[in-house]
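Take a look at the structure set out below.
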Amino acid sequence: MLILGIESSCDDAAASIVETSSPGIVTVRSSTVANQDDIHRAYGGIVPELASRNHVITILPVIERALKSAGCTLGDVEGIAVTRGPGLVGSLLVGLMCAKGLAQATGKPMIGVNHIEGHILAPLIEHRVPFPFLALVVSGGHTALFAVEDFGGYRRLGRTRDDAAGEAFDKVAKLMGLGYPGGKIIDDLSKEGNCRRIRFPRAHVRGAPMDFSFSGIKTSVATMLHSEARPIAPQADVAASFQEAVVDMLVKPTLAAARDLGVDTIALTGGVAANSRLREKLAATAADDGRRVVAPSLKFCTDNAVMIALAGSYRLLRGERDDLAIDAEANLAL
Ligand code: KG4
Ligand code: ZN
């Protein structure tokens, strides 16, 4: 079955063509993304109105490129999987309305996909991951742990009580005047820094060992940067020390959840899963505990349409289709 995936929940418009004959196993025929970093950089963060207006311009060309590089036409596609939430409602609407229009015009089945389910299943794009496994979804909008029992069988074990980890990266990069988006900039800069130079506090949520909190670390960095008695530390040391604190605050609840669940495999996924120190430290800590970490390659950590096609594929293979009346939902629950 050839599936067209469409993703536009935030600031990236993406399309993909995947081929599948059994649930969770896909061959990627193409994956295209129209990135808007250059548009939002001037504002130091995503401006929702600009994101949706630009999706209107790019969504069809992105789909056309995906079809062309897969060497197929819309007529060859047998199902359409599209993100319907959670995300920015204006952005979501562009992809969803486009999918509905294509489904209506061609008579192909359409499935609305939860963006978080896409991230949870993204490690399956390149790896065989047997159920059950633990998924750490860590992105600009979400930080949560899920027990993944089967396709469609997800149980949330923990979540952030305030900011998402990616939001902390982006806000701290902004505070430090490093630019946008901050995650990759801090990751790269940290490679030249000493992560033990500043000991930022590691927050934990009392009585909830599988929950996270990242608002305090952001305040700690701001306080240090604005303090008159601040240590004169190179930017790279501040970045590396901040990153190490965030990584520690992600690793500890994840290991606690893996032990609690008794699973061998931890799937690390979402935009922040691209972080080199997180990948390294979580893998090493898990290995010491007799567990393994699987993470998508960097292009499938950040938002992409292959993960959406994969998450829609098991339902399309069963012959399911959604009604064309489904709505975009900014707070869609998993
Ligand atoms: O999954 P994603 O593309 O969009 C959301 O669904 O949020 O994640 C984007 C987030 C941003 O906060 C970005 O700064 C962060 O992922 N990110 C990183 C890295 N690459 C992207 N954070 C830390 N280290 C990275 N290398
Ligand atoms: Zn995402």
Side-chain angles (χ1 to χ4, degrees), residues 22-26 116-139 142-161 164-166 183 187 190-191 195-196 199-214 217 240-241 243-298 300-301 307 310-311 314 334:
S22 62
I25 301 174
V26 295
I116 305 302
E117 183 179 17
H119 278 305
I120 288 175
L121 297 178
L124 275 64
I125 299 170
E126 298 153 301
H127 305 273
R128 289 284 175 94
V129 191
F131 297 113
F133 63 89
L134 173 73
L136 169 62
V137 179
V138 61
S139 73
H142 307 273
T143 301
L145 286 162
F146 293 94
V148 184
E149 312 284 355
D150 200 351
F151 295 108
Y154 316 113
R155 187 161 48 88
R156 197 177 67 189
L157 303 172
R159 66 187 163 93
T160 179
R161 296 294 183 99
D187 191 354
S190 296
K191 294 193 174 105
C195 68
R196 280 185 281 274
R199 176 81 195 167
F200 289 115
R202 272 72 169 154
H204 62 272
V205 182
R206 193 169 298 142
M210 295 180 242
D211 278 356
F212 308 89
S213 168
F214 296 102
I217 178 84
S241 302
Q243 176 176 273
E244 197 68 13
V246 174
V247 167
D248 287 346
M249 288 189 282
L250 287 167
V251 168
K252 203 173 170 196
T254 305
L255 261 291
R259 286 187 196 126
D260 189 71
L261 207 59
V263 292
D264 294 338
T265 308
I266 301 169
L268 169 62
T269 179
V272 181
N275 185 269
S276 57
R277 183 65 182 140
L278 176 60
R279 293 170 87 94
E280 177 186 60
K281 200 163 187 177
L282 185 61
T285 315
D288 286 346
D289 211 40
R291 295 168 219 279
R292 68 166 188 148
V293 173
V294 287
S297 55
L298 303 194
F300 297 132
C301 286
M307 68 182 195
L310 189 148
Y314 72 91
L334 190 63

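Note that the numbering runs from 1 along the sequence shown for the chain. Values in this document were obtained by computation on a predicted structure and should not be read as measured data.
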State, to 0.1 Å, how close [X] and [Y] come at their nearest heavy-atom pair, and which atoms those are.
| X | Y | answer |
| --- | --- | --- |
| A240 | C195 | O-CB, 3.5 Å |
| E126 | S297 | OE2-OG, 2.5 Å |
| I217 | A245 | CD1-CB, 3.6 Å |
| V148 | A135 | CG2-CB, 3.9 Å |
| V272 | A165 | CG2-C, 4.3 Å |
| S139 | A164 | O-CB, 3.6 Å |

In Å and rounded to the nearest 0.5 Å, what is the [atom1] to [atom2] distance from [X] to [Y]?
| X | Y | atom1 | atom2 | answer |
| --- | --- | --- | --- | --- |
| L268 | C301 | CG | SG | 6.5 Å |
| K281 | T254 | NZ | OG1 | 12.5 Å |
| R292 | I266 | CZ | CD1 | 10.5 Å |
| L255 | D260 | CG | CG | 12.0 Å |
| R291 | L261 | CZ | CG | 9.0 Å |
| R196 | E244 | CZ | CD | 7.5 Å |

[X] versus [Y]: any side-chain heavy-atom pair under 4.5 Å?
| X | Y | result |
| --- | --- | --- |
| L278 | Q243 | no |
| K191 | S276 | yes |
| R159 | L145 | no |

Margin query: Can you list everything that forms a salt bridge (Lys or Arg N to Asp or Glu O under 4.0 Å) with R259? Sequence neighbours excluded, please.
Written below: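 So R259 forms a salt bridge (Lys or Arg N to Asp or Glu O under 4.0 Å) with D289.
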
Notebook entry, point to check: In chain order, what residues pass the salt bridge (Lys or Arg N to Asp or Glu O under 4.0 Å) check against K252, with sequence neighbours excluded?
Noted result: none

Without placing hydrogens or testing angles, list every side-chain donor-acceptor pair under 3.5 Å for residues 201-209, not counting sequence neighbours.
unit_1 : atom_1 : unit_2 : atom_2 : d
R202   : NE     : D248   : OD2    : 3.0
R202   : NH1    : F200   : O      : 2.7
R202   : NH2    : D248   : OD2    : 2.8

Is a donor on one side and an acceptor on the other found under 3.5 Å between the side chain of [X] and the backbone of [Y]?
| X | Y | value |
| --- | --- | --- |
| R277 | D187 | no |
| T265 | F133 | no |
| H127 | A295 | yes |
| R279 | A273 | yes |

In a table with atom names and distances, give each donor-acceptor pair under 3.5 Å that connects a side chain of residues 118-125 to protein atoms at least two apart or in another chain.
unit_1 : atom_1 : unit_2 : atom_2 : d
H119   : NE2    : H115   : NE2    : 3.1
H119   : NE2    : D303   : OD1    : 3.1

When the side chains of residues 150-157 are checked against the rest of the protein, which donor-acceptor pairs come out under 3.5 Å, sequence neighbours left out?
unit_1 : atom_1 : unit_2 : atom_2 : d
Y154   : OH     : E117   : OE2    : 2.5
Y154   : OH     : G152   : N      : 3.0
R155   : NH2    : E149   : OE2    : 3.4

Note to self: Under the rule for ring pair (Phe, Tyr, Trp, His ring centres under 6.0 Å), what residues qualify as partners of F146, not counting sequence neighbours?
What the structure shows: none

Margin query: Exactly one of L250, V251, V138 should register a side-chain contact (heavy atoms from CB on, under 4.5 Å) with L282. Which one does?
Written below: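 Only match with L282 under side-chain contact (heavy atoms from CB on, under 4.5 Å): V251.
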
